[in-house]
Amino acid sequence: MATLEAPVRPRTALHQGPFVTEPFYDFRNEENVRRMRAAIAKVRAQLGREYDLIIGGKRIRTTEKIKSLNPSQPSQIVGIHQKANKEHVEPAMQAALAAFESWSRTTVEERASLVFRVGDLMRQRKMEFMAWLVFEVSKNWAEADADISETIDFCEFYAREALRFAKAQTPIQLPGEHDSLHYIPLGVGAVIPPWNFPCAIMAGMTLASIVSGNTVILKPSSDSPTIAAKFFELLEEAGMPEGVVNFCPGAGASFGDAVVAHPKTRYIAFTGSREVGLHINKVAATQAPGQIWIKRTILEMGGKDAIIVDADADIDSAVEGVAQAAFGFQGQKCSACSRAIVDERVYDKFLEQLKARVEKIQVGDVTENAAMGAVINEGSMKTILEFIEQGKKDGRVITGGERAPGEGYFIKPTVIADIPAKSKLEQEEIFGPVLAVIKARGFDHALEIANDTEFGLTGAVYTKSRDKIDRAIQEFHVGNLYINRKCTGAMVGAHPFGGFNMSGTDSKSGGPDYLYLFTQAKAVGEKI
């Protein structure tokens, strides 16, 4: 949905009207372009500022620092952050435990009101938050808009969900009893978000935690701590009590591991790589001395997502969907299309049209709204280029296949055809602007290839056949399946997001059961 400006919606005191997704800006409108440029200029003037650890409301500086760099211009420092280490774990835990005593007893209406206020404040400064994403993670304007809009949606949706959960009832009332059901908070949670949706996922896991009555130790990614710091400032402005969220950028191997292993950590909400997710799951499963609960893990761990293009598909539509899903935000989405599985009868036509479409993608400065920016850091760039070199051996490069000009970590959008099933490029998550194209003998073969992976996050099918659509719904084993549209762009409320197998615990963020993961049910039977 495109609009000149997000409309000011009339609200009740608790925003109890129906949930509506936040509209996107239309950057064909010159006024929106002018305002976005002004937001970029405002943020540019704030680059390089130093931010504190915040534990229980106390601001802390450390000797070791984390420098957040602009991937498009690595010589430019976006923010300087303190580096939390093992010695900060216990103070953060004690602050969160102390805050839990009062926050867990705060009414759900008060907690929801705070989250609604956060959404209202972010809506007022939406372009400024978008501009931070442009600098810190090299998102173009539309991708930044989607990230911040989703953050606002999480504020609106989870606050409403918390109010709905508070009205839960038992299915049956026994004669002579008053039977009730209460969803109560878990305790202190470790929230460990990724850099690729550094506002939406970070905020979503944090908001779900606190609106449910939990308190949080937030360890943002070292590649994107500045947007998390700006979000924390918004929480404070909205009236969040001290210690409810504790802002602790730090290394995963030291601070992160120690928080996960702490006996008082009740749950871990994580989004990131399969390797780190499995490590967290293993550490969390080990009972520490003094630990009296089974730690809950809420894990989203990536994907190797495929779009199937059937012989009867609308090729123009399929090409556009694959190009957007493969190269939106440089392919750095767990939902990105990294495999196009194409029926051999339309394979050559599809490749020809895809090549032409991808070569129109402009790579460059996202402050000027280039279609594709830089990948997140130098290490990621090197890994992606290694995948490309392997792809050159296993298949044929249709377009791209090398770095793009510029100071930043720019890689040309790359399409590699004739990739064999079960090969490295077809099986392993790349997390970059690289698309493997695989030829299928028919729809059965395409489904077989699509499902032959340890992941199961998103997928899409382009076909005009109702029978094949129904088969895909039954047989394509992914958490989010799309028909005749791209496999990225899940919308809160409409597409509860989370996957199967090694893609995670199917946590379904933005869905009606998400807050169950941050609460525990207490049934009460009272004799009357």
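Note that the structure is a prediction, hence the values are computed from the model and not measured. Position 1 is the first residue of the sequence; numbering continues from there.
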Student: Within the 4.5 Å heavy-atom criterion, are I298 and M205 side-chain neighbours or not?
Tutor: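 Sidechains of M205 and I298: no contact.
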Student: Would you say P193 and L218 make side-chain contact, with heavy atoms under 4.5 Å?
Tutor: yes
Student: Looking only at heavy atoms, what is the nearest atom pair of V108 and A166, with distance?
Tutor: CG1-CB, 3.7 Å
Student: Where is the tightest heavy-atom contact between A142 and N369, given as atom of each residue plus distance?
Tutor: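 Result for this residue pair: N-OD1, 4.4 Å.
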Student: Does the side-chain contact (heavy atoms from CB on, under 4.5 Å) test come out yes or no for L121 and E237, once each step is laid out?
Tutor: CA-CA 9 Å; L121 290 168; E237 186 177 344; 3.6 Å; yes
Student: With a 6.0 Å cut-off on the ring centroids, do W195 and F431 count as close?
Tutor: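 Yes - the distance between ring centres of W195 and F431 falls below the 6.0 Å cut-off.
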Student: Please say whether the positively charged group of K139, taken as NZ for Lys or CZ for Arg, lies over the ring of F329, i.e. under 6.0 angstrom from the six-membered ring centre and within 45 degrees of the axis.
Tutor: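 Checked: cation-pi criterion met.
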Student: Can a donor-acceptor pair be found between the side chains of S113 and E110 at a distance below 3.5 Å?
Tutor: no
Student: Would you call F497 and T458 a side-chain contact if the rule is heavy atoms closer than 4.5 Å?
Tutor: yes
Student: Measuring from L133:CG to I148:CD1, what's the distance to the nearest 0.5 Å?
Tutor: 4.5 Å
Student: Would you say that more than 12 heavy atoms from the other residues, nucleotides or ligands in this model lie under 6.0 Å from the CD1 of I294, or not?
Tutor: no
Student: Would you check if there is a donor-acceptor pair between the side chains of N377 and D223 at a distance under 3.5 Å?
Tutor: yes
Student: Evaluate the side-chain proximity of E161 to P512: yes if any heavy-atom separation is below 4.5 Å, no if none is.
Tutor: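 P512 reaches E161 side chain to side chain.
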Student: Tell me, please, which residues at least two apart from T226 pass side chain to side chain donor-acceptor pair (under 3.5 Å).
Tutor: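 T226 satisfies side chain to side chain donor-acceptor pair (under 3.5 Å) with H81, E136 once adjacent residues are dropped.
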Student: Taking it one step at a time, do E101 and R105 satisfy salt bridge (Lys or Arg N to Asp or Glu O under 4.0 Å)?
Tutor: CA-CA 7 Å; E101 290 302 312; R105 291 171 171 79; 3.7 Å; yes
Student: Can you tell me if T215 uses its side chain to pair, donor with acceptor, with the backbone of V244 under 3.5 Å?
Tutor: no
Student: Give the intermediate values and the outcome of side-chain contact (heavy atoms from CB on, under 4.5 Å) for residues K264 and L97.
Tutor: CA-CA 8 Å; K264 295 297 184 182; L97 286 168; 4.1 Å; yes
Student: Of all heavy-atom pairs between T62 and L53, which one has the smallest distance, and what is that distance?
Tutor: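 Distance-wise, the nearest heavy atoms are CG2-CD1, 3.9 Å.
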Student: According to ring-ring contact (aromatic ring centres under 6.0 Å, His included), who are the partners of F197, at least two apart in sequence or on a separate chain?
Tutor: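 Listed in chain order: nothing, the list is empty.
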Student: Please find the pair of heavy atoms, one from H88 and one from I60, that lie closest to each other, and give the distance.
Tutor: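 Heavy-atom minimum between the residues: NE2-CG2, 4.3 Å.
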Student: Answer yes or no: is there a side-chain heavy-atom contact under 4.5 Å between W293 and R266?
Tutor: yes
Student: Taking G510's backbone N and O only, do any of them form a donor-acceptor pair with Y158's side chain (distance below 3.5 Å, no angle check)?
Tutor: yes
Student: When rounded to the nearest 0.5 angstrom, what is the spacing between CD in E242 and CH2 in W103?
Tutor: 13.0 Å
Student: Applying the side-chain contact (heavy atoms from CB on, under 4.5 Å) criterion to C199, which one of E150, K230, M122 satisfies it?
Tutor: M122
Student: Applying salt bridge (Lys or Arg N to Asp or Glu O under 4.0 Å) to R34 and E30, what does each step give before you reach the verdict?
Tutor: CA-CA 6 Å; R34 183 196 66 77; E30 285 303 317; over 6 Å; no
Student: Taking the side chain as every heavy atom from C-beta outward, state whether I210 and L235 have any pair of such atoms under 4.5 Å apart.
Tutor: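 Contact flag for I210/L235 side chains = yes.
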Student: Between S221 and P194 (side chain of the first, backbone of the second, donor and acceptor by atom type, cut-off under 3.5 Å), is there such a pair?
Tutor: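 Not confirmed, S221 side chain does not pair with P194 backbone.
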Student: Taking R35 for its side chain and M127 for its backbone only, find out whether a donor-acceptor pair lies under 3.5 Å.
Tutor: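 Such a contact is absent between R35 side chain and M127 backbone.
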Student: Under the salt bridge (Lys or Arg N to Asp or Glu O under 4.0 Å) rule, what do K86 and E64 come out as? Steps first, then yes or no, please.
Tutor: CA-CA 13 Å; K86 287 183 179 179; E64 287 189 277; over 6 Å; no
Student: Do H262 and E90 have a side chain donor and acceptor closer than 3.5 Å?
Tutor: yes
Student: Quick check for you: to the nearest 0.5 Å, what is the distance between F500 atom CZ and F455 atom CZ?
Tutor: 15.0 Å
Student: Is the backbone N or O of G213 less than 3.5 Å from a side-chain atom of S104, with the two atoms forming a donor-acceptor pair by type?
Tutor: no
Student: Apply ring-ring contact (aromatic ring centres under 6.0 Å, His included) to F129 and list each qualifying residue two or more places apart in sequence or on a separate chain.
Tutor: none
Student: Donor-acceptor check, side chain of N214 to backbone of F518, threshold 3.5 angstrom: yes or no?
Tutor: yes
Student: Are Y516 and F165, when compared by the centres of their aromatic rings, separated by less than 6.0 Å?
Tutor: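 Ring centres of F165 and Y516 closer than 6.0 Å.
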Student: Can you check whether T106's main-chain N or O pairs, donor with acceptor, with R111's side chain at less than 3.5 Å?
Tutor: yes
Student: List the steps and the verdict of salt bridge (Lys or Arg N to Asp or Glu O under 4.0 Å) for K304 and E428.
Tutor: CA-CA 7 Å; K304 188 65 179 174; E428 295 185 21; over 6 Å; no
Student: Do we see a donor-acceptor contact under 3.5 Å between the side chains of S335 and K333?
Tutor: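 K333 and S335 do not have a side-chain donor-acceptor pair below 3.5 Å.
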Student: Are any non-hydrogen side-chain atoms of V434 and I384 less than 4.5 angstrom apart?
Tutor: yes
Student: For T367 versus R37, what's the shortest heavy-atom pair and its separation?
Tutor: O-NH1, 4.2 Å
Student: Looking at F24, is its backbone amide N or carbonyl O close enough to the side chain of D145 to form a donor-acceptor pair, meaning the two atoms are under 3.5 Å apart?
Tutor: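 It does not hold such a pair.
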Student: Which atom pair, heavy atoms only, marks the closest approach of P23 to S149?
Tutor: O-OG, 3.9 Å
Student: Cut-off 3.5 Å, side chains only: do E50 and Q82 have a donor facing an acceptor?
Tutor: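 Checked: E50/Q82 side chains pair up, N/O donor to acceptor below 3.5 Å.
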Student: One thing to verify: whether E454 and R274 come together as a salt bridge, which I'm taking to mean a side-chain N less than 4.0 angstrom from a carboxylate O.
Tutor: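 Salt bridge: yes.
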Student: In sequence, state the C-alpha distance, the side-chain angles, and the governing distance for V188 and T265, and then conclude on side-chain contact (heavy atoms from CB on, under 4.5 Å).
Tutor: CA-CA 6 Å; V188 177; T265 297; 5.5 Å; no
Student: For the CD1 atom of I40 and the CZ atom of F135, what is their distance to the nearest 0.5 Å?
Tutor: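 Here the interatomic distance stands at 6.0 Å.
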Student: Applying the side-chain contact (heavy atoms from CB on, under 4.5 Å) criterion to E156, which one of V492, V20, D120 satisfies it?
Tutor: D120
Student: So, is the end of the K126 side chain (NZ or CZ) under 6.0 Å from the ring centre of Y25 and within 45° of the ring's axis?
Tutor: yes
Student: For residues E407 and S75, is any side-chain donor paired with an opposing acceptor at under 3.5 Å?
Tutor: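 The criterion, which ignores hydrogens and geometry beyond distance, is satisfied for S75 and E407.
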Student: Judged by modelled atom types alone, do Y409 and S72 share a side-chain donor-acceptor pair under 3.5 Å?
Tutor: no
Student: Are any non-hydrogen side-chain atoms of L385 and M381 less than 4.5 angstrom apart?
Tutor: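 Yes - at least one pair of side-chain heavy atoms lies under 4.5 Å apart.
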Student: So how far is it from I192 CD1 to I201 CD1, rounded to the nearest 0.5 Å?
Tutor: 13.5 Å
Student: Checking side-chain polar atoms at under 3.5 Å, does D153 have a donor or acceptor matched by the opposite partner on T21?
Tutor: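 No pair is found: no donor N or O on one side chain lies under 3.5 Å from an acceptor on the other.
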Student: For V216, does its backbone N or O pair with a side-chain atom of N246 as donor and acceptor, under 3.5 Å?
Tutor: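 Yes; at least one donor-acceptor contact below 3.5 Å.
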Student: Given 3.5 Å as the limit, does a donor-acceptor pair link the side chain of Q330 with the main chain of S138, or not?
Tutor: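 Yes.
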Student: Within this structure, what is the CZ-CD distance for the pair F247 and E236, rounded to the nearest 0.5 Å?
Tutor: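 Separation between the atoms: 10.0 Å.
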